[in-house]
Amino acid sequence: MPFRFGECVLDQERRELTLRGQVVGVGPQVFDLLLHLVRNHDRVVSKDDLLEAVWNGRIVSESTITSHINAVRKAIGDSGG
């Protein structure tokens, strides 16, 4: 079942994100991050939760997490404004 939010559709079975009907190319970890955030939209997601869900418990730098979050925002058309 695809998730629909704003002008986006996130299809977890096809591992595909569309924005305004156009496919948006994202890397696997960016897709997994977005999927995890969408699935857990009703709560605050902790850093440890992200590390487990997206990076399988591997330790990654704060800048890696930040860059992936920025990539998610860009992919869904969120300019921060």
Side-chain angles (χ1 to χ4, degrees):
M1 172 179 84
F3 293 98
R4 299 176 190 282
F5 53 96
E7 297 180 285
C8 297
V9 177
L10 186 65
D11 188 329
Q12 57 189 336
E13 290 181 18
R14 296 177 64 179
R15 292 191 59 83
E16 184 177 85
L17 171 66
T18 57
L19 174 62
R20 296 182 208 102
Q22 300 294 315
V23 175
V24 178
V26 295
Q29 289 176 328
V30 172
F31 185 90
D32 291 343
L33 175 59
L34 177 57
L35 181 59
H36 187 70
L37 293 172
V38 168
R39 282 180 177 160
N40 294 281
H41 66 90
D42 58 337
R43 67 182 184 89
V44 174
V45 178
S46 71
K47 177 183 169 185
D48 289 338
D49 193 20
L50 287 179
L51 290 174
E52 185 59 37
V54 179
W55 287 277
N56 299 314
R58 287 179 282 143
I59 303 300
V60 296
S61 69
E62 293 288 331
S63 63
T64 297
I65 296 170
T66 300
S67 69
H68 280 70
I69 289 171
N70 288 338
V72 164
R73 292 182 68 186
K74 181 178 179 183
I76 64 172
D78 180 2
S79 65

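When the side chains of ILVMFWY residues are joined at heavy-atom separations under 4.5 Å, either directly or via intervening members, Phe3 and Val45 end up in a single hydrophobic cluster.
Of all heavy-atom pairs between Ser46 and Asp49, the closest is OG-N, 3.0 Å. The two atoms that bring Leu19 and Ile76 nearest to each other are CD1-O, 3.8 Å, heavy atoms only. Considering all non-hydrogen atoms of both residues, Leu35 and Leu10 come closest at CA-CD2, 3.7 Å. Across Glu13 and Asp11, no two heavy atoms sit closer than the pair N-OD1, 3.1 Å.
Taking CG of Asn56 as the start and CD of Glu52 as the end, the distance is 7.0 Å to the nearest 0.5 Å.
Asp32 has its side chain within reach of Arg15: a pair of non-hydrogen atoms, C-beta onward, lies under 4.5 Å apart. The closest side-chain heavy-atom distance from Leu50 to Leu37 is below 4.5 Å. No side-chain heavy atom of Val26 sits under 4.5 Å from any side-chain heavy atom of Leu34. Taking 4.5 Å as the limit, every side-chain heavy atom of Gln29 sits out of range of all side-chain heavy atoms of Val60. In this structure the side chain of Arg14 never reaches within 4.5 angstrom of the side chain of Pro2, judged on heavy atoms.
Residue pairs meeting the salt bridge (charged side-chain N to carboxylate O under 4.0 Å, His left out) criterion with at least one member in residues 61-71, sequence neighbours excluded: Lys47-Glu62. Evaluation of the ring pair (Phe, Tyr, Trp, His ring centres under 6.0 Å) test over residues 36-81, restricted to residues two or more places apart or in two chains, returns Trp55-His68. Every pair tested for ring pair (Phe, Tyr, Trp, His ring centres under 6.0 Å) that includes a residue from residues 4-35 fails, sequence neighbours excluded, so the list is empty.
More than 12 heavy-atom neighbours from other residues, nucleotides or ligands sit within 6.0 angstrom of CZ on Arg73.
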Original post:
Is there a side chain to side chain contact (heavy atoms under 4.5 Å, CB included) between Leu51 and Ile65 once you walk through the steps?
Top reply: CA-CA 9 Å; Leu51 290 174; Ile65 296 170; 4.1 Å; yes

